[in-house]
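Each remark here refers to the structure printed beneath this line.
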Amino acid sequence: MDGTVKLRIGHLYPDLLNLYGDRGNVQCMVMRCVWRGIDVETKEYNQGDKIDFSSLDILLLGGGSDREQRIVGSELRKIREDFHSYVEDGGTVLAVCGGYQLLGHYYEIEGERIEGLSLVDLYTVQKAPRLISNIVLKNEELPFEITGFENHGGRTFIGKNRPFGKVLYGFGNNGEDQEEGVLYKNVTGTYLHGPLLPKNPHVCDRLLRSALERKYGITQLEALDDTQEKEANRYIVNRFCKNKKSTKR
Amino acid sequence: MKENRKVKPAIRDILSVNAAKALDKGLHLMGRQGTSLPGKAAIDISPSILALLSSQIKEKTFAVCGTNGKTTTNNLLCFLLEEQGERVVCNRMGANMVNGIMTAFAQAADHIGRLDAGYACLEIDEAAAVQLFPLVRPDYLILTNLFRDQLDRYGEIDTIMEKLGNAIDTVPEIKLIVNADDPLSVYLARQSGHPYVTYGISEKTSGSGETGTGEIREGRFCKSCGTLLTYDWYHYSQMGMWHCPRCGLSRPNPDYEASGIMTEQGLCFMIDGHTVRTGLSGFYQAYNILAVWSALSEAGRRETAAVTVQQLVSRYHPQFGRGEAFIIKGRKVVLHLAKNPAGFNQNITAVLEDKAPKNLVIVINDNDQDGTDISWLWDVDFDRLSDESVRSITVSGIRALDLVLRFKYVGIPVKVEENSKSAVESGLAQSSDPLYVLVNYTALFEVHQMLKRKAKLCHIFNRT
């Protein structure tokens, strides 16, 4: 691939939203670019930093505790319009756990509403118990299952939006509708950590491809040797989906 | 000395203790480690038995809590007291929930439910503290540190701090001994309203950094006002010389201090003008020893603390995989328990303190006791193992394939083995260099057993 191809990844508030090995998602995207000869630059944005959305190709928003999420929410609301334009223009976003909840209208916790960014039509309500489990999803557009781990008190409802996947094992958005995450334009919202991308190279490549297409019109990615990634993924699928009840309730 | 209450065990209590003792003996005869079962039986028979036995402690009861270093701190404290001829109740195997602690008390009691012990050294799980503190009523809580640990089991660190705070509130007379370098521990102590003393390391050491190394840090933000804390330096994780630029909350001047820390040839440092030489590796061990020193001093054994710590620490051998060393086929094999990012990073530091060529084995399981969520592996700085002294890395365990990926994405090739046994064999077969084995909780027992057996065989056949 031509060396002038370059992606810029923005990691939002890594010192606040850094639960569950989120930096593994960044590492995964970076390496899968490097292995293909795609230039890649990552930039961390912390509290008070100005975010120039027009310079970014992929945005990553991780998970944090409720308190940290509150701080991030108030920071992001200040630049909500820029973020909104980025999303509507097809900018690529991966939002995990707390970051996923922030995409929506609100997160209701003990009667109080933490305002979200309303970038995607969804909302979240906290409820006991926390949903903690290994999780396996199926998305028909992807060649094999999506695997990860979920740990969330929020129940998310995505209305008419497309989910990230159908739940084969685990709880998903709310433990009721067997759906997990959300897909909206080039935004992926999900509760899956673990982190998400290393064991799901197809999801990682999907994010990279959408960013490359928007920037360069590139729709094909060079294939990589994903034997080890597939093995690790397959192990989870076999362990939790063979001869077991389809969902965890 | 505590007020010595006359204790009259009821028939039910006597039955309870004897049931536990019998079960303990039976399990031993079967060659099994029954650290929790006997205690469970005792409590099933007499729910009040733990309070009855623990009330008979004559001098002091120490509780040791905190994310990392509990077992080592608690066992070292117990070791030093025993070396001075004290009788001590101690859950030294690290079974730190209600049943495990009950087992330790039942083992120490006599057949009619009486206990003759001056001290209790109890390592207590943070989540079990609320239940245990009102029963064992510790005089002191030694809080080693607070790090992120097994989020699926314990929840976020705020939850753990709340639980510990609630536990402390159940014992009005308790005094806290906390690490001054850890802003989370200091905040917890201040908030509790209980008297507390602190220990710390007030100077930069060779391993200290002035900025973040990318290591995930808890408590970067002031717990009191939410502002980003300012650091003059870090020892590791969030431990260091900290203050809040806004509200003024800052690292207290420690009551007990270690200085002149050297790690090159076994950890060595000074406390209060005394040199402490240890055969231990790992900077973090300085905190464990300092915590023990503080506890002995607080419990009115300051003079003896000075003598015993410096003389005896060198005789203390780490146990149960907390840096425990074996000689197998003529080489050193060191077993480290590593179960969260802070602990793992510190163990990597300890491994790299040994500059000689070495091989590594890493075993990661995801059983309930380990925490079923292994995402924390990505918060460990494994890239540091690209050091040229590390000749080979072999991985195994239930989540070996996750480890393979973790290393793939930092460009370090590893070998995968079917199980922990074959992984250790493979590590030993690489070369005659020292072997370091890093494992998480459930892998610890099997690997520990195996290394012990191998070391014993080598000793018998004099093959060292």
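Everything numeric here is computed off the predicted structure, so don't read it as measured data. The chains referred to below are lettered A, B, ... by the order of the sequence lines, with proteins before strands, and numbering in each begins at 1.
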Which bit of B/D158 comes within less than 4.5 Å of chain A, counting heavy atoms only: side chain, backbone, both or neither? side chain
Could you state the interatomic distance from CZ (A/F149) to OG1 (B/T372), rounded to the nearest 0.5 Å? 3.5 Å
Using side-chain heavy atoms (C-beta onward) and a distance below 4.5 Å, is A/Q27 in contact with B/D383? no
Let me know if A/Q47 has heavy atoms under 4.5 Å from chain B in its side chain, its backbone, both or neither. side chain
How many angstroms lie between atom NZ of B/K408 and atom CD of A/E229, to the nearest 0.5 angstrom? 3.5 Å
Is the number of heavy atoms from other residues, nucleotides or ligands within 6.0 Å of CZ (A/R77) greater than 12? yes
Stepwise side-chain contact (heavy atoms from CB on, under 4.5 Å) test for B/D373 and A/H193: CA-CA 9 Å; B/D373 181 1; A/H193 63 261; 2.8 Å; yes
For B/L228, is it the side chain, the backbone, both, or neither that has a heavy atom closer than 4.5 Å to a heavy atom of chain A? side chain
Top of B/L401, B/T159, B/I374 for chain A proximity - count of heavy-atom pairs under 4.5 angstrom: B/L401
NZ-CZ distance between A/K199 and B/R406, expressed to the nearest 0.5 angstrom: 12.5 Å
Which distance, rounded to the nearest 0.5 Å, do you find between the CZ of A/R23 and the CH2 of B/W378? 10.0 Å
For a 4.5 angstrom cut-off between non-hydrogen side-chain atoms, does B/V404 reach A/E231? no
So does A/R239 pair up with B/D366, basic N to acidic O under 4.0 Å? yes
Which of A/G148, A/G24, A/G64 touches chain B most, by non-hydrogen pairs under 4.5 Å: A/G24
The interface call for B/V416 against chain A, heavy-atom contacts under 4.5 Å, is neither
Can you tell which part of B/L403 gets under 4.5 Å to a heavy atom of chain A, answering side chain, backbone, both or neither? neither
What distance separates A/Q228 CD from B/D402 CG, expressed to the nearest 0.5 Å? 12.0 Å
Distance check, rounded to the nearest 0.5 Å: A/L196 atom CG versus B/S375 atom OG? 11.5 Å
For B/L405 and A/A232 the tightest heavy-atom approach is CD1-CB, 3.8 Å
Evaluate side-chain contact (heavy atoms from CB on, under 4.5 Å) for A/L197 paired with B/Y409, printing each intermediate quantity in order. CA-CA 11 Å; A/L197 299 181; B/Y409 281 85; over 6 Å; no
Greatest number of heavy atom pairs closer than 4.5 Å to chain B - which of A/I71, A/L16, A/V30, A/D22: A/L16
